[in-house]
Asker: 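Please see the structure below; I have some questions.
When a ligand or atom number is given, it counts from 1 through the structure's own listing order.
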Amino acid sequence: MLSLSDTSTAVRPGHNDPATSGDWRADLRDAFRDPFALCDHLNLPKSLAETAEEANFPLLAPRPFVARMQSGDPLDPLFLQVMPSAAEGRQEGLPLDAVGDLAAQRSDGLLQKYQGRALFILAGNCAVNCRYCFRRHYPYAEAPKSDAQWEPALQQIESDPGINEVILSGGDPLVLNDSRIERLVSRLEAIPHVARLRIHTRLPVVVPNRVTNRLCQLITATRLATIVVLHINHPSEINHEVAEAVEQLRNSGAMLLNQSVLLKQINDQIDPLTNLCERLVQIGVMPYYLHQLDLVAGVGHFGVPESVGHELIAELRRRLPGYAVPRYVAEIAGEPHKTVLA
Ligand SMILES: *Cc1c(COP(=O)(O)O)cnc(C)c1O
Ligand code: SF4
């Protein structure tokens, strides 16, 4: 006899619906790219899309993520994360590389800032373009495109016994298909000093279909301890499909963490932030970091003063068990680790 939980994982809702047929590549292809189409879909005024043209980073919002937005609400916290706005074009005083990524580049696609950990930039794109992203100016055209272009970075990792953790990042590493990720992981597994694999990704959140059986089998099979760090900023991002994708990842044996960015109008209020931490714990994801926004040109309007961040963390500590409170961190160029603010 099937238990209730068996049936809920065996049948993914929406799988018979051609719009969400379980094919993550189709989800990527069908993402919203036109601000007018997105506003029309959400019953929002055209005028919002007209000002979007002043932004210099294109709209990209997959439909499974858009489906969690409230129709008719121009201040929906998910909509605000993806919709280009005129404010982005008016921030000339801010830098392009606030966190010193260019200085930390060791070879094509490999960044190392911190001891033991090297960040491998596998892809030049993401499944979603988050308006507040500090990487919006990164020269992704230089990210490796073919397996052969991974070689300099792999040789760098091979020749440095101090690297025991490889962080797959991007862009979003999970925009690559499973066979490429398998090839990369088998190369990394063959390097004796590499013990851990970390995957920084927003794909299981914005396109839950990306969590394929093949990806989960790879995580189960690898000798590398695997940590998947998701990126969720608001509790409305977590629906049933995200919870299921997370459950599959957990069943594969991966450790699941989440990082958020503290964002004005999105999660700078205590109630949504508390709900986010509670929902994360409920689905089996540990709140890891709450990042102070990295200020680069185009993202200044999302900034929240550090004093507000301190108050929010203090209140989270009163409301929640200790394990549910993320570390409030900032990335300061040149420091040997992320700076813990609270
Ligand atoms: C944030 C970051 C890491 C990971 O830092 P942790 O504190 O271990 O999560 C590693 N490399 C780079 C370049 C980073 O920016
Ligand atoms: S998914 Fe991450 S790297 Fe990609 S745009 Fe969003 S914040 Fe930036």
Asker: If you have a sec, work out which protein heavy atom is nearest atom 7 (O) of ligand 1 and how many Å separate them, to one decimal?
Answerer: Tyr289 OH, 2.6 Å

Asker: Which of the atoms of ligand 1 are close to Tyr288, meaning less than 4.0 Å from one of its heavy atoms?
Answerer: 6 (P), 7 (O), 8 (O), 9 (O)

Asker: Look at ligand 1 and say whether His337 reaches it with a heavy atom at a distance under 4.0 Å.
Answerer: no

Asker: Checking contacts here: is it the side chain or the backbone of Arg198 that comes within 4.0 Å of ligand 1, counting heavy atoms only? Could be both or neither.
Answerer: side chain

Asker: Could you measure the distance from the CG atom of Leu249 to the CG atom of Leu230? Nearest 0.5 Å is fine.
Answerer: 7.0 Å

Asker: Between Glu315 and Arg319, does any side-chain N to carboxylate O distance fall below 4.0 Å?
Answerer: yes

Asker: Under a 4.0 Å heavy-atom limit, does Glu331 contact ligand 1 with its side chain, its backbone, both, or neither?
Answerer: side chain

Asker: So does Cys130 have any N/O/S atom less than 2.8 Å away from atom 6 (Fe) of ligand 2?
Answerer: yes

Asker: Identify the protein heavy atom lying closest to atom 1 (C) of ligand 1, giving its residue, its atom name and the separation to 0.1 Å.
Answerer: Lys338 NZ, 1.6 Å

Asker: Can you spot which of Thr201, Asp27, Asp178 makes a side chain to side chain donor-acceptor pair (under 3.5 Å) with Arg210?
Answerer: Asp178

Asker: If you round to the nearest 0.5 Å, how far is CG of Leu78 from CZ of Phe65?
Answerer: 3.5 Å

Asker: I need the atoms of ligand 1 closer than 4.0 Å to a non-hydrogen atom of Leu119, numbered in the order shown.
Answerer: 11 (N), 12 (C), 13 (C), 14 (C)

Asker: Taking atom CD1 of Ile121 and atom CG of Leu168, what is their separation to the nearest 0.5 Å?
Answerer: 11.0 Å

Asker: Under the 3.5 angstrom rule, does the side chain of Asn43 hit a backbone N or O of Gly72 as a donor-acceptor pair?
Answerer: no

Asker: Hey, which atoms in ligand 2 end up nearer than 4.0 Å to a heavy atom of Arg202?
Answerer: 1 (S)

Asker: For ligand 2, which atoms, with element, lie under 4.0 Å from some heavy atom of Cys126?
Answerer: 1 (S), 3 (S), 4 (Fe), 5 (S)

Asker: Determine whether any heavy atom of Asp172 lies closer than 4.0 Å to an atom of ligand 2.
Answerer: no

Asker: Got a salt bridge between Glu237 and Arg202, using NZ or NE/NH1/NH2 to carboxylate O under 4.0 Å?
Answerer: yes

Asker: Where does the angle between the aromatic ring planes of Phe120 and Trp150 fall among parallel (under 30°), tilted (30 to 60°) and perpendicular (over 60°)?
Answerer: perpendicular

Asker: Where's the contact between Ile167 and ligand 1, heavy-atom distance under 4.0 Å: side chain, backbone, both or neither?
Answerer: side chain

Asker: If the test is side chain to side chain donor-acceptor pair (under 3.5 Å), which one of Gln292, His291, His337, Lys113 qualifies with Glu331?
Answerer: Lys113

Asker: What part of His231, side chain, backbone, both or neither, has a heavy atom within less than 4.0 angstrom of ligand 2?
Answerer: side chain

